[in-house]
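FYI, side chains are in, hydrogens and waters are out, and symmetry mates aren't considered; it's all heavy atoms of this structure.
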Amino acid sequence: MAHLFLVKDIAFQAGLSTATVDRVLNGRPGVRRQTEMRVKAAIAELEKQQAGAIGSGRVLAIDIVMETPQRFSDAVRAAFEAEMATFLPGVFRCRFHFAEMMKPAELVQLLDRIRLRGTHGIVLKAPDVAEVAAAVGRADAAGIPVVTLVTDLPNSARIAYAGADNRAAGETAAYLIGEFVGTDGGKVLVTLSSGRFRGEEEREIGFRRVIRARYPAIGITEISEGHGTDAATGTLAAAALAADPAINAVYSIGGGNRAVLAAFDAAKRPVRVFVAHDLDADNRALLAARRIGFVLHHDLRTDARSAFRAIMSRATALPRAVTPSLSSVEIVTPYNMPAAD
């Protein structure tokens with residue numbers, strides 16, 4: 001079956017595993033006719049996308065807008081740049097707009113400025129507040145597709161969400177901590193960067209649901225509004241530890257993990273189990289040093305690919321819009337940590 005695409009791209013488009021696609025492409029036995037047709041249809045769809053983008057003679061310039069700590073924005077930039085080089089070379093160009101903290105008014109001003117200047121699409125990580133949703137609506141009305149990244153704005157005019165199932169991620173964290181702590185009890189320090197992000201809220205909801213249902217001996221203490229920065233998060237963590245001697249575990253939703261660990265060290269308090277999110281540079285080092293036990297990771301390159309395809313489907317007027325699949329959540333330990341890109 002002749003094609004010009006990577007197996008992983010065909011698998012992504014078809015909704016199949018790379019192993020299944022490889023069997024189809026190489027004519028190996030044990031493949032159903034329906035599966036073969038799905039692979040052929042996926043290749044045809046990729047050919048349409050490529051022809052539409054390259055045939056139009058356009059380069060699609062898109063804007064990546066994120067309120068997030070630098071350690072995570074660095075990982076996102078690397079993922080988008082790597083995927084941009086392999087997805088459809090020469091088709092996408094990315095402009096990055098990152099800030100560790102932005103007031104909603106500043107974020108809205110930036111989105112409106114991008115809309116007025118012009119862009120082929122916006123990839124957005126932003127708080128779920130009414131003024132941001134309104135700015136997304138203005139972009140959509142101007143013909144600019146918006147894809148939300150990592151944290152969703154479901155009540156906005158965004159065309160797609162690219163990221164993981166955040167509620168399932170929180171439930172997974174509860175399972176890991178609950179099974180590790182068992183019936184010994186204690187409290188989990190749950191850290192959020194801000195309560196304004198829907199993705200973090202969904203992780204917390206999933207976490208609380210499973211702890212309440214399956215591990216009632218474990219309590220929860222929450223800190224928020226540290227914005228994932230070390231200074232603010234460390235101050236909040238230190239205050240929580242001073243106020244509650246039962247805290248003996250951490251579920252870090254919002255980051256600032258070095259500062260959280262430093263607060264435990266300063267208080268001479270042990271951490272029985274520490275679950276964090278995302279394989280950024282800090283978490284890789286902490287995981288390798290056994291300072292944290294588990295990292296819940298999802299592939300940012302898969303998210304970038306999802307965002308590119310959703311924007312391309314709008315920009316090239318394909319008859320069928322691309323609906324991204326949620327990226328899978330992996331449990332990473334010091335023993336199965338993938339190599340850095």
Side-chain angles (χ1 to χ4, degrees), residues 66-79 98-102 125 150-151 166 169-170 172-173 176-177 180-181 186-195 197 199-200 203-204 207 220-298 300 329-341:
M66 298 177 61
E67 180 187 341
T68 194
Q70 184 177 344
R71 58 181 167 271
F72 187 66
S73 63
D74 286 347
V76 168
R77 181 191 291 269
F98 297 150
E100 292 202 326
M101 283 184 283
M102 278 191 279
K125 178 184 180 293
V150 179
T151 182
N166 286 305
T172 302
L176 292 171
I177 290 174
F180 198 98
V181 173
K187 281 192 176 178
V188 183
L189 180 66
V190 176
T191 73
L192 288 81
S193 70
S194 173
F197 290 98
E200 294 193 7
R203 290 174 183 177
E204 184 194 19
F207 183 81
I220 296 172
T221 295
E222 176 191 314
I223 60 173
S224 184
E225 307 312 313
H227 301 284
T229 61
D230 284 345
T233 304
T235 299
L236 291 168
L241 289 171
D244 194 340
I247 295 173
N248 60 354
V250 179
Y251 175 34
S252 173
I253 296 175
N257 299 330
R258 288 188 182 278
V260 173
L261 287 165
F264 274 87
D265 291 344
K268 295 182 170 53
R269 299 266 290 275
V271 183
R272 290 199 59 183
V273 58
F274 194 125
V275 178
H277 276 274
D278 303 313
L279 275 178
D280 56 35
D282 273 9
N283 283 343
R284 282 182 172 277
L286 292 172
L287 192 62
R290 310 299 198 270
R291 295 302 313 274
I292 58 180
F294 304 98
V295 171
L296 300 180
H297 173 65
H298 70 281
L300 290 171
V329 176
E330 303 173 50
I331 301 171
V332 181
T333 74
Y335 298 98
N336 69 335
M337 186 164 42
D341 291 334

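- Residue Thr151 holds its OG1 atom at 8.0 Å from CZ of Arg203, rounded to the nearest 0.5 Å.
- Side-chain contact check for Asp74 versus Phe98: every heavy-atom pair is 4.5 Å or farther apart.
- Exactly one residue among Asn283, Asp278, Asn257 makes a side chain to side chain donor-acceptor pair (under 3.5 Å) with Ser252. That residue is Asn257.
- With hydrogens and angles disregarded, a donor-acceptor distance shorter than 3.5 Å links the side chain of Asn336 to the backbone of Thr333.
- A pairwise comparison of heavy atoms in Gln70 and Glu100 identifies N-OE2, 2.9 Å as the closest pair.
- In this structure, CG on Asp230 lies 10.5 Å from OG1 on Thr235, to the nearest 0.5 angstrom.
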**Working for side-chain contact (heavy atoms from CB on, under 4.5 Å), residues Ile292 and Val250** = CA-CA 9 Å; Ile292 58 180; Val250 179; over 6 Å; no
Show the numbers, then the answer: is there a side-chain contact (heavy atoms from CB on, under 4.5 Å) between Phe207 and Ile253? CA-CA 10 Å; Phe207 183 81; Ile253 296 175; 5.7 Å; no
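- The line from OG1 of Thr191 to CG of Leu236 is 9.5 Å long, rounded to the nearest 0.5 Å.
- The distance from the CD atom of Glu204 to the CG atom of Leu192 is 5.0 Å, given to the nearest 0.5 Å.
- Classified by interplanar angle (parallel below 30°, tilted 30° to 60°, perpendicular above 60°), the ring pair His277/Tyr251 is tilted.
- Salt bridge status for Arg291 with Asp282: absent, with no side-chain N to carboxylate O gap under 4.0 Å.
- Contact check for Leu286 versus Arg258: side-chain heavy atoms found under the 4.5 Å cut-off.
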TODO: Test Phe274 against Val260 for side-chain contact (heavy atoms from CB on, under 4.5 Å), laying out the working first.
DONE: CA-CA 10 Å; Phe274 194 125; Val260 173; 4.0 Å; yes
- From CA spacing to verdict: side-chain contact (heavy atoms from CB on, under 4.5 Å), Met337, His297: CA-CA 10 Å; Met337 186 164 42; His297 173 65; over 6 Å; no
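- Minimum heavy-atom separation, Ile177 to Ala249: CG2-CB, 4.4 Å.
- A cation-pi arrangement is present between Lys125 and Phe197 under the rule of less than 6.0 angstrom and at most 45 degrees off the ring axis.
- The two residues Ser193 and Glu200 have their closest heavy-atom pair at OG-OE2, 2.5 Å.
- Closest heavy-atom contact between Ile223 and Thr233: CD1-O, 4.2 Å.
- The minimum heavy-atom distance linking Ala169 with Leu296 is given by the pair O-CD1, 3.3 Å.
- Closest approach of Leu287 to Pro334, counting heavy atoms only: O-CG, 3.4 Å.
- In this structure, CZ in Phe72 is found 5.0 Å from CE in Met66, a value given to the nearest 0.5 Å.
- At distances below 3.5 Å, at least one donor-acceptor pair connects side-chain atoms of Glu225 with backbone N or O atoms of Gly195.
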